[in-house]
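Accompanying notes for the structure given below.
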Amino acid sequence: MQIVLYNRIMENVMINAEYGKRGYLKENFRVFYNKDIYRQKFDFHYHEFDKMVLFKSGKVCYIIEGKEYNLTENDILLVRHGDIHKPVIRGDVPYERIIIWINSSYLKENGNLSACFDKTKETGLNLLRLPHETAQELFSLAEKISTESETAFAAELMKESLFNRLMILTNRAVIHYSDLSVAYKSDRQTDEIIHFIKNNLFKPLCVDKIAAEFYLSRYYLMHKFKNTTGKTIYSYILSKRLLHACSLLENGVSAKNACFESGFNNYSVFLKAFKKEFECSPSEYIKKEKM
């Protein structure tokens, strides 16, 4: 009970530490088993790592990149790094879930276990609603990781083994049930605007240009986008460009090239935005990644 309470407190501290980017992950993965009996309010945010949410109970709507998922027991959410999201907790039913923060580099280095998250980028869907038996196997593995004693013989090796099995089975489930119809609510026009932004991220983009593309007034576009996604168009574009710059830096691209290849046309503007968002310079960011 004390371990569960500690995990819940620590996650809440990390999640509410700052607006925008949330949480820090230095390990390959970290597991939280949380059960809240009170309502929490979360702001829209994103992570630099991938996240899996295994939902057990509660009345929760999860909003990811403008899509709303009303969760039911045994649902699994795959939230890719950079996805802007938040849970909306309703009613007085305890919100019980297992949350796994995952280093995407670790997944790629181990048999491309990140394929399930890549699929969410390809389809634009984040929810896995699997047959009961399949879901229960994944939940059982996640619970074993969260309850593995730190003092047991070869505890870290056991947790890594269980985690790898969990990710292998998750990827197999995504492949096997790739045509699974998933219920979600979204605004079609906002989906199209997000798709347009992502496809034109490296070109000059502004509110007026996007408004003209969709034959909308500037005010209507700004109001609609903020209401649906929780982010202004400017902050959404800025976040996506900075995250792409991080990805380029991790792959050996110089800071200056990462700046222009991410859609910035001024290095000093890029540097200022990068330092504000990640609290370090591009060179410091790379050093942290290599630690």
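Along the sequence shown, residues are numbered consecutively beginning with 1. Side chains are part of it too, since the values below use all heavy atoms of this structure and drop only hydrogens, waters and symmetry mates. Everything numeric in this text was worked out from a predicted model, so none of it was measured.
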Where do [X] and [Y] come nearest, in terms of heavy atoms and distance?
X	Y	result
G58	V93	CA-CG1, 3.8 Å
V31	S146	CG1-CB, 3.7 Å
P282	A255	CB-CB, 3.8 Å
S281	K275	CB-CE, 4.0 Å
L201	R241	O-NE, 2.8 Å
L242	A273	CD1-O, 3.9 Å

field: Aromatic centroids of Y62 and F55 separated by under 6.0 Å
entry: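 No; Y62 has its ring centre 6.0 Å or more from that of F55.
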
Quiz item: Please walk me through it: do E143 and K56 pass salt bridge (Lys or Arg N to Asp or Glu O under 4.0 Å)?
Solution: CA-CA 11 Å; E143 286 175 6; K56 294 176 74 75; 2.7 Å; yes

[X], [atom1]: over 12 other non-hydrogen atoms inside 6.0 angstrom:
X	atom1	answer
K108	NZ	yes
K224	NZ	yes
N265	CG	no

Electrostatic pair [X]:[Y] at N-O distance under 4.0 angstrom:
X	Y	value
E213	K209	no
K121	D83	no
D36	R97	yes

Does the side chain of [Y] come within less than 4.5 Å of [X]'s, by heavy atoms?
X	Y	result
E150	K159	yes
R90	N70	yes
R218	M222	yes
E250	Y285	yes
I76	F139	yes
L238	F264	yes
E122	D118	no
H85	H45	yes

Handout entry: Cation-pi, Y267 ring and K256 (6.0 angstrom, 45 degrees)
Key =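 Judged by the rule, K256 and Y267 form a cation-pi pair.
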
Between [X] and [Y] (side chain of the first, backbone of the second, donor and acceptor by atom type, cut-off under 3.5 Å), is there such a pair?
X	Y	answer
E65	I84	yes
Y69	N126	yes
N257	S254	no
K51	L77	no
D50	H81	yes
S239	Y236	no
N171	C116	yes

Between atom [atom1] of [X] and atom [atom2] of [Y], what is the distance when rounded to the nearest 0.5 Å?
X	Y	atom1	atom2	answer
N74	E133	CG	CD	12.0 Å
L54	L138	CG	CG	7.0 Å
I99	N34	CD1	CG	5.0 Å
I98	K35	CD1	NZ	12.5 Å
L130	Q136	CG	CD	11.0 Å
E284	F278	CD	CZ	13.5 Å

Quiz prompt | Derivation of the side chain to side chain contact (heavy atoms under 4.5 Å, CB included) call for L78 and V174 | solution = CA-CA 10 Å; L78 299 173; V174 168; 4.1 Å; yes

Under 4.5 Å between side-chain heavy atoms, hopping through other hydrophobics if needed: is there a path connecting [X] to [Y]?
X	Y	answer
Y234	Y220	yes
L169	I102	yes
L248	F49	no
F274	V253	no

Q: Output, in order, the C-alpha distance, side-chain angles, deciding distance and verdict of side chain to side chain contact (heavy atoms under 4.5 Å, CB included) for I210 and F225.
A: CA-CA 11 Å; I210 298 168; F225 194 88; over 6 Å; no

Report task. Determine, stepwise, if the pair Q189 / L216 fulfils side chain to side chain contact (heavy atoms under 4.5 Å, CB included). Result -> CA-CA 11 Å; Q189 193 170 56; L216 301 172; 3.6 Å; yes

Q) Residues sharing Y219's hydrophobic cluster, by side-chain heavy-atom contacts under 4.5 Å among ILVMFWY, directly or via others? A)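 Its cluster partners, ordered by chain and number, are none at all.
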
For residues 160-167, dump all side-chain donor-acceptor pairs below 3.5 Å to protein atoms at least two apart in sequence or in another chain.
| unit_1 | atom_1 | unit_2 | atom_2 | d |
| --- | --- | --- | --- | --- |
| E160 | OE2 | Y106 | OH | 2.9 |
| N164 | OD1 | Y106 | OH | 3.0 |
| N164 | ND2 | Y106 | OH | 3.4 |
| N164 | ND2 | E160 | O | 3.3 |
| R165 | NH2 | E137 | OE2 | 3.1 |

Inset, instruction - Among F202, F270, F260, find the residue that satisfies the ring pair (Phe, Tyr, Trp, His ring centres under 6.0 Å) test when tested with H244. - result: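 Only one option passes, and that is F202.
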
Do S114 and N112 get their side chains close enough for a donor-acceptor pair, meaning under 3.5 Å?
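The criterion, which ignores hydrogens and geometry beyond distance, is satisfied for N112 and S114.
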
Requested in this report: Decide side chain to side chain contact (heavy atoms under 4.5 Å, CB included) for T170 and L113; before the verdict, give the C-alpha distance in whole Å, the side-chain angles of both, and the deciding distance to 0.1 Å.
Outcome: CA-CA 9 Å; T170 300; L113 293 176; over 6 Å; no

